[in-house]
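The structure appears right after this line, and notes come after that.
Chain identifiers are assigned alphabetically (A, B, ...) following the order of the sequence lines, protein sequences preceding nucleic acid strands; residue numbering begins at 1 within each chain. The basis for the numbers below is simple: all heavy atoms, side chains too, and nothing from hydrogens, waters or symmetry mates.
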2 protein chains.
Amino acid sequence: MAGMPTPHVSPGLYEVFLAVARAGSFTAAARVLGYTQSAVSRQIQALEDETGAALFERLPRGVRLSEAGRVLLPHAEAVRDRLARARAELAALRTLDGGLLRLGAFSSAGAALVPRAQAVFRARHPGVVVTRVEGPSVKHLGLVAAGEEDLAVVSPAADRPAPEGVTLHHLLDEPMLVALDRGHPYAGRRDVRLAELADEEWIVGNERLEDTLFRAAPAAGPRPRTGLMAQDWIAKLGAVAAGLGVTLVPALAASSVRPDVALVTIHPDDVPYRGIFAATPPAPTVAATAFLGLLRETAQELTPATGR
Amino acid sequence: MAGMPTPHVSPGLYEVFLAVARAGSFTAAARVLGYTQSAVSRQIQALEDETGAALFERLPRGVRLSEAGRVLLPHAEAVRDRLARARAELAALRTLDGGLLRLGAFSSAGAALVPRAQAVFRARHPGVVVTRVEGPSVKHLGLVAAGEEDLAVVSPAADRPAPEGVTLHHLLDEPMLVALDRGHPYAGRRDVRLAELADEEWIVGNERLEDTLFRAAPAAGPRPRTGLMAQDWIAKLGAVAAGLGVTLVPALAASSVRPDVALVTIHPDDVPYRGIFAATPPAPTVAATAFLGLLRETAQELTPATGR
DNA sequence: TGCTAGACATTCGCTTGTCGCATGAGAGCG
DNA sequence: CGCTCTCATGCGACAAGCGAATGTCTAGCA
């Protein structure tokens with residue numbers, strides 16, 4: 001309807017317009033803005049040329065808003081306020097007073113490592129909204145690379161190459177534990193060799209945990225009979241507690257294991273420590289960087305405790 | 001908190017920002033905007049300098065919004081939309097598709113003259129909001145001068161000077177009528193001299209109407225006995241209909257007089273025609289100018305009928 | 001491994017816009 | 001009748017913004 005092209009409207013113009021509207025005079029507005037009166041005069045004239053209407057009525061003593069000016073006024077105020085909001089939010093982003101931190105983590109990292117860091121982070125930066133998504137490491141690596149996550153705690157497969165657009169920050173190396181029922185002869189042992197467990201009934205799930213383990217110790221390792229399969233932790237550990245077999249538990253999840261199950265470290269010669277990393281884009285967010293620091297602290301606190 | 005001064009943020013920048021955000025690449029945005037790629041590159045850099053944060057992540061194939069960019073995006077859209085609204089409303093103002101017309105009128109002009117013009121105006125420009133305030137002419141002249149009314153229909157006192165900042169547009173000259181009860185001997189007359197009414201009982205109100213009349217014909221005029229006073233039209237004409245006396249009616253109000261009252265023109269030698277004007281600021285609004293045209297047409301239609 | 005294509009960054013020169021200074025024009029006020 | 005206050009305008013200087021060309025980096029391909 002209004003065919004005016006109006007290529008670009010500079011917002012400095014709107015500041016001047018608002019100043020004049022409040023001051024009621026070009027000269028007074030110029031004093032407020034630190035401009036000269038001539039600058040204000042021509043700024044207003046430029047705005048009037050753009051809008052195609054007189055914004056002010058020129059009076060012998062100052063100016064007064066015309067009807068077009070009265071129409072424009074609330075819009076100019078809205079634009080000014082919106083720009084101020086934008087600046088405030090961007091500043092809050094820099095100072096971690098606001099913004100969004102999108103986290104990802106594989107499931108056993110969600111047992112203690114991430115929640116602890118998250119609690120400290122929330123206490124320190126309550127203005128930042130934090131979201132967390134659980135899922136397998138590969139998925140998170142892709143999300144970080146796609147820019148849809150700011151930081152993810154992953155345990156990448158050692159044989160697979162690190163993806164593009166992702167920087168890995170080493171957090172800790174996690175030993176593997178074997179979960180046994182309390183009455184098991186190995187329950188009190190410091191550690192155990194895989195060969196010693198060759199005859200046990202292994203309870204496996206659909207996770208890649210067992211694959212990693214048994215691929216790492218190929219020949220010497222036991223071929224589990226996989227007589228029992230369980231999908232989730234509760235069921236697996238329930239079976240162990242009932243004496244139906246043994247299963248693997250990553251050390252990071254040790255703290256959330258039911259007390260009637262004994263955890264014994266696997267001998268380091270049999271299984272390499274699983275590396276736990278934080279994955280970020282090459283240029284992480286301010287919030288992601290801060291969270292990474294907290295993750296490092298938490299990992300250090302957790303490391304001596306991983307043996308339980 | 002966010003101490004950044006950020007003297008002025010040009011909105012052309014925001015158009016560029018939005019184009020890049022939608023296109024996903026500087027080059028594509030430049031094609032859309034009709035700019036070169038280098039121009040877009042520096043515009044974005046300028047915006048990033050102002051906001052103090054990277055708005056886009058540079059990828060080998062185009063760019064992607066960073067967190068700061070995601071924060072800025074809705075604000076930039078809001079600003080763009082608001083500026084578009086402002087332009088649309090200002091354009092509507094020019095084409096009389098919108099806006100506000102603030103009218104004023106003295107009471108008897110509100111009987112037929114203004115409402116008729118107003119009806120045509122509303123049919124022709126339904127987008128314009130029209131407000132109308134009744135009141136004495138002096139008050140309206142002041143409001144127009146103060147810029148608080150766009151157009152007022154007034155009957156200024158002939159002896160008082162025209163106020164400053166007000167342009168008067170002549171509409172018509174209104175004769176004075178005398179209201180008599182139907183049985184009065186003069187009821188059928190074409191016109192009547194004031195001297196012939198000297199013995200009548202005059203019903204006066206608080207309006208300046210009678211002052212104007214009797215000041216205009218000082219010596220020859222009758223000194224009314226003012227035995228009856230009534231505040232409003234209904235009461236005055238009711239008294240006339242009951243044969244209690246006679247009263248004055250301005251011709252513009254003739255059409256709204258009850259049918260059992262006879263109206264007789266006063267001889268032009270005894271009373272000057274009362275001038276009816278439209279008062280506007282020196283530079284009237286588009287809507288006011290249009291309304292003035294309609295007032296002129298209505299006045300011309302009304303003039304032959306003022307004698308009833 | 002080298003080549004090409006596509007994308008952003010940068011340099012250079014010019015046009016355009018914007019500001020300050022000074023002056024002019026117009027209207028109240030003593 | 002001049003004084004003073006207002007906005008408008010001509011002029012020169014400076015900075016911003018643009019286009020054209022070039023540089024740099026990466027991905028894909030032979």
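- Remark: C1' of dG17(C) and CG of Leu47(A) are 16 Å apart, rounded to the nearest angstrom.
- For the ring-ring contact (aromatic ring centres under 6.0 Å, His included) condition, the pairs that include at least one residue of residues 54-89 of chain A, sequence neighbours left out, are Phe17(A)-Phe56(A).
- Atom CZ of Arg64(A) is separated from atom C1' of dA27(C) by 15 Å (rounded to the nearest Å).
- For Tyr35(B), a side-chain nitrogen or oxygen approaches OP1 or OP2 of dC18(D) to under 4.0 Å.
- The separation between Phe56(B) atom CZ and dA9(C) atom C1' is 16 Å, rounded to whole Å.
- Between the side chains of Arg42(A) and Ser38(A), at least one donor-acceptor pair of N or O atoms lies under 3.5 Å.
- Atom CD of Gln43(A) and atom P of dT9(D) are 15 Å apart (whole Å).
- In this structure, Asp49(B) atom CG and dG17(D) atom P are separated by 11 Å, rounded to whole Å.
- Residue Glu15(A) contributes atom CD, which lies 13 Å from atom P of dC19(C) at whole-angstrom precision.
- Residue Arg58(A) qualifies as enclosed at atom CZ: its count of foreign heavy atoms under 6.0 Å is above 12.
- None of Lys139(A), Arg102(A), Arg132(A), His140(A) except one satisfies the side-chain hydrogen bond (donor to acceptor under 3.5 Å, both in side chains) rule with Glu149(A); the exception is His140(A).
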Inset, instruction - Just do the side chain to side chain contact (heavy atoms under 4.5 Å, CB included) check on Asp150(B) and Thr280(B) with the steps written out, would you? - result: CA-CA 6 Å; Asp150(B) 300 312; Thr280(B) 65; over 6 Å; no
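- Rounded to a whole Å, the CG atom of Leu33(B) is 13 Å from the C1' atom of dC18(D).
- When rounded to the nearest whole Å, the span between CD1 of Ile44(B) and P of dC8(C) equals 10 Å.
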Review item, nucleotides 2-8 of chain D N/O atoms under 3.5 Å of protein N/O:
unit_1	atom_1	unit_2	atom_2	d
dC7(D)	OP1	Phe26(A)	N	2.4
dC7(D)	OP2	Thr27(A)	N	3.0
dC7(D)	OP2	Thr27(A)	OG1	2.4
dA8(D)	OP1	Arg58(A)	NE	2.7
dA8(D)	OP1	Arg58(A)	NH2	3.2
dA8(D)	OP2	Ser41(A)	OG	2.9
dA8(D)	N7	Gln37(A)	NE2	3.0
dA8(D)	N6	Gln37(A)	OE1	3.1

Inset, instruction - Report the C-alpha distance between Ile276(B) and Phe106(B) in whole Å, list the side-chain angles of each, state the deciding distance to 0.1 Å, and finish with yes or no for side chain to side chain contact (heavy atoms under 4.5 Å, CB included). - result: CA-CA 10 Å; Ile276(B) 306 295; Phe106(B) 64 93; 3.5 Å; yes
